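A note on names: the letters A, B, ... follow the listed sequences, proteins ahead of strands, and every chain is numbered from 1. What you see is a predicted model, and the numbers here were worked out from it, not measured in a lab.
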Amino acid sequence: MASQILPLELIDRCIGSRIWVIMKGDREFTGKLLGFDDFVNMVLEDVTEYQATPQGQIKTKLQQTLLNGNNICMLIPGSSGPDGDS
Amino acid sequence: MASLSIQEPFDLIRLSLSERVFVKLRGDRQLSGILHAYDGHMNLILSDVEETIMLVDGMDDAEPGQQVVNIAKRKMDMLFVRGDGVILVSPPSRA
Amino acid sequence: MSDASPIAPPPAQTPPETGSPPPVPVPQGSPTDFLKGVVGKRVIVRLTSGVDYRGILSCLDGYMNIALEQTEEHVNGNVTNRYGDAFIRGNNVLYISAAEEI
């Protein structure tokens, strides 16, 4: 029998690990997940922001960051993101 | 300093009533006017308003320096601003 | 991290009515904890439009409406405006990032 697990329980198990966040637009983030709330606002540490532009990808390094849950599309636990680096 | 007396962001707006404020709106619009009223949506009533509209002409792939920015200005006596278009409100600086 | 509470309790989504917020126990690292840590510090607020505001975080509420002091507006890496105080409507906010150690 498939165990009953809520989607956000899976994300709770990612706390302390790296996670890949894909936004609704042309933006992605990776970082270590420190916490989140019911709106899936997320606190990340050692963050890289990836922004796809016509001129190519822009990478931005950030310290501790509160990411607004409003524009989040998908979460990929345990992944270090588009490049597999950082 | 305003920071000593503000506990929540709306205090910044409350302290700006009857003052001239700068408002940045979606769609590359900016307003400067006297703030008469606001609510929790950031609906605003402004008077003696000057609106500035930035219109960027030229191709989207033009170099930033080559794009022509047209600035249109107009004045309104009294204006209601719907809150969902508001990006930023800046009170007059209290030096 | 304990699994006792898989989902963090909601942050203070309503503005406090009195000067001191009620002591709500929250797990370490939650959005509420982060925000407690960054008030008064230098932050970068990026809007969904890509515009950045760099300044000192005065306060914020449950809608992520933000009051910033000594604010610089950055567009494509250039400073395009400065504001003594700025109110940013929360629906435009993509993230709030610490710009100094917290």
Side-chain angles (χ1 to χ4, degrees), chain B residues 1-17 19-33 35 37-44 46 52 54 56 60-67 69 71 81-95, chain C residues 11-22 35-36 38-43 45-78 80-94 96:
Chain B
M1 194 81 186
S3 57
L4 296 178
S5 53
I6 72 168
Q7 268 97 47
E8 53 157 335
F10 275 105
D11 289 350
L12 213 56
I13 309 304
R14 186 171 48 78
L15 292 167
S16 308
L17 283 167
E19 307 257 22
R20 182 163 289 273
V21 294
F22 169 86
V23 183
K24 195 173 153 78
L25 296 173
R26 287 168 175 249
D28 296 316
R29 289 164 193 272
Q30 299 179 350
L31 302 173
S32 165
L35 179 66
Y38 70 94
D39 63 19
H41 302 289
M42 277 310 271
N43 294 324
L44 306 172
L46 300 175
T52 307
M54 318 277 260
V56 180
D60 285 344
D61 56 351
E63 291 296 312
Q66 301 193 333
Q67 289 176 339
V69 181
I71 295 177
V81 182
R82 196 174 144 94
D84 60 358
V86 173
I87 294 173
L88 174 143
V89 180
S90 182
S93 38
R94 276 171 254 275
Chain C
Q13 291 287 327
T14 50
E17 277 139 49
T18 59
S20 58
L35 292 172
K36 278 185 197 155
V38 288
V39 168
K41 301 277 171 51
R42 298 202 70 82
V43 294
V45 177
R46 178 162 287 186
L47 308 187
T48 48
S49 63
V51 177
D52 283 355
Y53 293 93
R54 291 163 177 263
I56 297 167
L57 182 64
S58 304
C59 58
L60 75 174
D61 65 19
Y63 296 105
M64 275 199 213
N65 294 322
I66 293 170
L68 278 184
E69 285 174 55
Q70 300 173 31
T71 307
E72 287 179 349
E73 179 182 82
H74 291 247
V75 179
N76 301 323
N78 306 312
T80 47
N81 249 321
R82 289 178 210 275
Y83 310 104
D85 285 296
F87 172 103
I88 299 170
R89 199 172 187 267
N91 65 305
N92 302 293
V93 174
L94 173 67
I96 304 167

Which bit of [X] comes within less than 4.5 Å of chain C, counting heavy atoms only: side chain, backbone, both or neither?
X     : result
B:D11 : neither
B:F22 : side chain
B:I13 : side chain

Could you check if a side-chain atom of C:N92 sits within less than 4.5 angstrom of a side-chain atom of B:R26, using non-hydrogen atoms only?
->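 Yes, at least one pair of side-chain atoms sits under 4.5 Å.
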Under 4.5 Å between any side-chain heavy atoms of C:R89 and B:V89, yes or no?
->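 No. Closest side-chain heavy atoms not under 4.5 Å.
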Nearest non-hydrogen partners of C:D85 and B:P91, listed with the distance =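 Where C:D85 meets B:P91 most closely, the heavy atoms are O-CD, 3.3 Å.
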Locate the shortest heavy-atom distance separating B:P9 from C:C59; write the atom from each residue and the value.
->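 Residues B:P9 and C:C59, closest heavy atoms: N-SG, 3.4 Å.
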For the atom pair [atom1] ([X]) and [atom2] ([Y]), what is the distance rounded to the nearest 0.5 Å?
X     : Y     : atom1 : atom2 : value
B:I87 : C:E73 : CD1   : CD    : 9.0 Å
B:L88 : C:Y53 : CG    : OH    : 5.0 Å
C:F87 : B:L15 : CZ    : CG    : 12.5 Å
C:N81 : B:S90 : CG    : OG    : 8.5 Å

Part of C:I88 within contact of chain B (heavy atom distance under 4.5 Å) |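 Both backbone and side chain of C:I88 come within 4.5 Å of chain B.
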Contact class of C:I56 relative to chain B, heavy atoms under 4.5 angstrom =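 Neither part, no heavy atoms under 4.5 Å.
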Select, from C:L68, C:V39, C:N65, C:L47, the one with the greatest count of heavy-atom pairs under 4.5 Å involving chain B.
->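 Greatest number of close heavy-atom pairs with chain B: C:N65.
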